[in-house]
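Chain identifiers are assigned alphabetically (A, B, ...) following the order of the sequence lines, protein sequences preceding nucleic acid strands; residue numbering begins at 1 within each chain. Just so you know, these numbers use all the heavy atoms, side chains as well, and skip hydrogens, waters and symmetry mates. The structure displayed is predicted, hence computed values, not measured ones.
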There are 2 protein chains.
Amino acid sequence: MFEFEPDRPRWQQVADVIRERIQSGTYPPKHLVSELSLVQEFGIARDTARKAVRALREEGLLYTVPHMGSFVSPPSEAQPAAE
Amino acid sequence: MFEFEPDRPRWQQVADVIRERIQSGTYPPKHLVSELSLVQEFGIARDTARKAVRALREEGLLYTVPHMGSFVSPPSEAQPAAE
DNA sequence: CTTTATTTGTCCGTATGTATG
DNA sequence: ACATACATACGGACAAATAAA
């Protein structure tokens, strides 16, 4: 089971973990990150899972298709110079 | 493809379209309105199509014959006085 | 009679949206 | 943060009835 630190919102800590998995490629583009999967893995309420997903969506790391799921966004064209 | 508005159930919007076709005579009495036809035309799930049909049936605009289909109801005897 | 196609009936599962306590 | 409930929506599968070939 995941160990939460006190004094920091759980949804932030969950978002941190997922963010890392996205940025490291553990979760490739289009990978489904459902609320239920977060509920089960982290032992949290769906309410909390939704907050984590919302945060990542607002960061652009996830996009949500209503009634279908939330998925890892395609890589953004960052760093223009590097060729 | 049909354009759905957000903030309103799809099954309601589909029902609206069919209702208009019935009331305008585009779909005459006994015209078949099958779930599959709605699925294909509107690009929705059958689940959603069934909800639209159910709504129109409850309004009396359609009647369903099990395993045969849902058909446009005969015109209702409105306006009593007119003879 | 058999086969094929069509259509509704029913059930399961997954997932988000929304609201309440 | 949690728990619960319901609505909305999609996908798939199978059964049963009907009609037509």
Side-chain angles (χ1 to χ4, degrees), chain A residues 1-19 21-22 26-74, chain B residues 1-19 21-22 26-74:
Chain A
M1 188 65 107
F2 190 79
E3 285 295 317
F4 288 102
E5 310 162 16
D7 306 329
R8 273 185 73 236
R10 291 190 169 192
W11 64 263
Q12 274 188 13
Q13 298 180 54
V14 171
D16 288 346
V17 174
I18 303 305
R19 187 183 306 105
R21 291 179 186 171
I22 294 173
T26 301
Y27 283 175
K30 298 185 179 178
H31 178 89
L32 171 64
V33 180
S34 74
E35 296 168 2
L36 182 58
S37 69
L38 298 181
V39 166
Q40 293 173 332
E41 173 175 359
F42 294 93
I44 56 179
R46 193 184 155 209
D47 187 80
T48 307
R50 282 175 70 77
K51 286 186 174 69
V53 169
R54 185 183 59 187
L56 293 168
R57 183 171 54 241
E58 289 173 350
E59 291 174 27
L61 293 178
L62 293 180
Y63 62 95
T64 297
V65 180
H67 307 110
M68 287 297 291
S70 293
F71 309 87
V72 175
S73 303
Chain B
M1 187 66 110
F2 188 79
E3 284 294 317
F4 289 101
E5 311 162 16
D7 305 327
R8 276 186 72 236
R10 290 190 169 193
W11 64 263
Q12 274 188 14
Q13 298 181 53
V14 171
D16 288 346
V17 173
I18 304 305
R19 186 183 306 105
R21 291 179 185 170
I22 293 172
T26 301
Y27 283 174
K30 298 185 180 179
H31 177 90
L32 171 64
V33 180
S34 75
E35 297 168 1
L36 183 58
S37 68
L38 298 182
V39 167
Q40 294 174 332
E41 172 174 0
F42 294 92
I44 57 180
R46 194 184 154 210
D47 184 82
T48 307
R50 281 177 70 78
K51 285 185 174 64
V53 169
R54 184 184 60 185
L56 294 168
R57 184 171 53 240
E58 289 173 350
E59 292 175 27
L61 293 177
L62 293 180
Y63 61 94
T64 298
V65 181
H67 305 110
M68 282 295 292
S70 295
F71 308 87
V72 175
S73 303

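Listed for the Ser70(A) side chain is no donor-acceptor partner under 3.5 Å among the backbone atoms of Ser34(A).
Per the geometry, OH belonging to Tyr63(B) stands 15 Å off C1' belonging to dT8(C), to the nearest Å.
Below 30°, between 30° and 60°, or above 60°: for Phe4(A) and Phe42(A) the angle between ring planes is between 30° and 60°, a tilted geometry.
Pairing partner, dA1(D): none, since no Watson-Crick or wobble contact has both distances short of 3.5 Å.
The side chain of Leu32(B) lies closest to dT7(C) when the candidates are dA3(D), dA15(C), dT7(C). For Ser70(A), the side-chain atoms get nearest to dT16(C) when compared with the rest of dT8(C), dT16(C), dA9(D). Minimum atom distance to the side chain of Asp47(B) is reached by dC10(D), of the listed dT8(C), dT18(C), dC10(D). Closest to the Glu35(B) side chain, of the nucleotides dG9(C), dT8(D), dC2(D), is dG9(C). For Thr64(B), counting side-chain heavy atoms from C-beta on, the closest listed nucleotide (dG9(C), dT8(D), dC10(D)) is dG9(C). Set against dA17(D), dA1(D), dT16(C), the side chain of Thr48(A) has dA1(D) as its closest nucleotide. Here the side chain of Arg50(A) is nearest to one of dT8(C), dC10(D), dT18(C), namely dT18(C).
No hydrogens or angles considered: a donor-acceptor pair under 3.5 Å links the side chains of Thr64(A) and Arg57(A).
At a threshold of 4.0 angstrom between heavy atoms, the contacts of Arg10(B) are confined to the sugar-phosphate backbone, with no base atom among them.
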Report the C-alpha distance between Arg19(B) and Asp16(B) in whole Å, list the side-chain angles of each, state the deciding distance to 0.1 Å, and finish with yes or no for salt bridge (Lys or Arg N to Asp or Glu O under 4.0 Å). CA-CA 5 Å; Arg19(B) 186 183 306 105; Asp16(B) 288 346; 2.8 Å; yes

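Position along DNA chain C of the nearest nucleotide to Val65(A) versus Leu36(B) favours Leu36(B) as the more 5'-ward residue.
One cannot find a donor-acceptor pair under 3.5 Å joining the base of dG12(D) and the side-chain atoms of Arg46(B).
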